2 protein chains.
Amino acid sequence: MRTDFYPSRVGSNAKLMKREDPVIHNRGKFDGPLNASDLDSYEDNGFLMLDDVFSEDEVDIMADQLKQTLENAKGEKSDTVVTEPEGDEVRSIFEVHKNNDFFSRLASNEHIVKAARQLLGSDVYINQSRINFKPGFSGKEFYWHSDFETWHVEDGMPKPRAVSCSIILTDNYEYNGPLMLVPGSHQWFVSCPGETPENNYEQSLQKQELGIPDQESLTQLFEKAGKRIETATGKAGMVLFFESNTMHGSSGNISPLPRSNAFFVFNSIENQLEEPFGNASKRPEFLANREGIKPIEPQPTFDKEKATT
Amino acid sequence: MRTDFYPSRVGSNAKLMKREDPVIHNRGKFDGPLNASDLDSYEDNGFLMLDDVFSEDEVDIMADQLKQTLENAKGEKSDTVVTEPEGDEVRSIFEVHKNNDFFSRLASNEHIVKAARQLLGSDVYINQSRINFKPGFSGKEFYWHSDFETWHVEDGMPKPRAVSCSIILTDNYEYNGPLMLVPGSHQWFVSCPGETPENNYEQSLQKQELGIPDQESLTQLFEKAGKRIETATGKAGMVLFFESNTMHGSSGNISPLPRSNAFFVFNSIENQLEEPFGNASKRPEFLANREGIKPIEPQPTFDKEKATT
């Protein structure tokens, strides 16, 4: 029987456990774009925001590609295409690193992949990808959660050795529902009460109902952070890396400003998915990649577009 | 028949109308605590934040009084006492300027009342008052609205010659759902689609369903504001004055930090309530004061407490 070092949804009690695994693996193994202070900051806080990865032109290209891709998916019937409850406007598309020429190149972007390798200390692959467009006025709140808690229980990710990369394609202000993160929370694992029913993912994409951390644990994480919450505000083009176990959430967005981003989860090639640690069956491939896993080769993203303009 | 200069909820169309009434009435008639730049800023933006009205000790006294008053109201059955859907914890109490010794003195606070007289250009009275306590994690979103739209249609307030004063008793950060305001929006009246049913107030206190501005008008206000939204963040004790017609709202609060405030609406003695301009009957006295109206005499608030400590 496997030992579960990160048990969650196994009873009615919540529990705050110290993380035993390292945050940055094999520091120094890879040279890369991140310097020592970037790495220290990621290790301490559980996230890192970079605003010098893409040029303004590149941001325009990405925003354009995102819009076109969503537009083209209109009317498409597929699990990977998510529309709003009312209307047929497309809000999210999953698996863009497999199904889309531009976004598969973006998922292999040399700056980003090399940074992910530095953080995870190994070759990396994409565990999940998506692009999101949220119009203004109606953005929904997302309550606090650790992605790793879900990935571990529902997808069988063994260890917190993955990093999410959000390429933010709209300006983020304090008033349009930016991501909020609790600094240092990645050092603790919140074991959540409850059990996972079958096909939880079908509704958890809209509203998280399980794997919800209890208020007492959240308060403790907040106090350990010096009563500080960080908001990911900044200009379009900002790149946010956050550790798989960092506690995060976001408020709704009643402002007129839309929000869009491209989102890639990099996992260590040494941390591939196993059987889920919870008692439900595996989630589908578009949420948790298991097939044809191979290390990503870093490559330039924009040469092609630049050449044709 | 009365002419309605601010028609709203009279059909299916939304409309953005220029405000014809002044923002500050009879400027110069009253000396007072607000200086010329305060007045200019209020006139331009439709709100004013002051952080030097109360001392730290006074903030502690107010927070204490608020907590005690809510505690004492536990189990009380009254329209003016609002509990959360689950549990019997008291979250808001209305009419505290009539029913509570301390808060009636606070409603007459010399600094605040004199400032309100400067803004409204006449003697003033309280049209509505309440104290609020919202715990962390679960604060609800409030969508954009103009208070004057409601007060005009549902309460018969003739003109936008009232000012809300929020004395904020907890630190407000960008991440715990602070009030958001659209600068300059008080210069425009958004005529909202729809009609007012009977007893709308019973549910509108929990969730606004009528008098909702349309997205096109909101976008126009936002653009006129230079695509700027202001958030009322700051230290406990901050006093926020905002004009009755200023467009405002707030995001939910998933942070662990509670929020509490004391809230007074000052109306000009020359702007007393008439018959509602909409077709529903009058709302109750605790939401819209009509009885025993007389000008407030400014007075010190804290002498009594200080003497006994």
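All figures in this text were calculated on a predicted structure; none of them were measured in a lab. Every chain is numbered from 1 and lettered A, B, ... according to where its sequence line falls, protein lines coming before strand lines.
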Spacing of OG belonging to Ser251(A) relative to CD belonging to Glu141(B), to within rounding of 0.5 Å:
9.0 Å
Mark yes when over 12 heavy atoms from residues, nucleotides or ligands other than Lys15(B) sit less than 6.0 Å from its NZ; otherwise mark no.
no
Could you measure the distance from the CZ atom of Phe137(A) to the OH atom of Tyr143(B)? Nearest 0.5 Å is fine.
5.0 Å
Could you check which of Asn176(B), Val182(B), Thr231(B) has the highest count of heavy-atom pairs closer than 4.5 Å to chain A?
Thr231(B)
Is Glu223(B) atom CD crowded by more than 12 heavy atoms from other residues, nucleotides or ligands, each under 6.0 Å away?
yes
Looking only at heavy atoms, the pair that brings Ile254(A) and Ser250(B) closest together is CD1-N, 3.9 Å
Any heavy-atom pair between the side chains of Pro256(A) and Leu221(B) that's under 4.5 Å?
no
Segment of Phe222(A) engaging chain B (4.5 angstrom heavy-atom cut-off):
side chain
Separation of Lys227(B) NZ from Tyr173(A) OH (nearest 0.5 Å)
8.5 Å
Glu174(A) side, atom CD; Tyr175(B) side, atom OH - distance, nearest 0.5 Å
12.0 Å
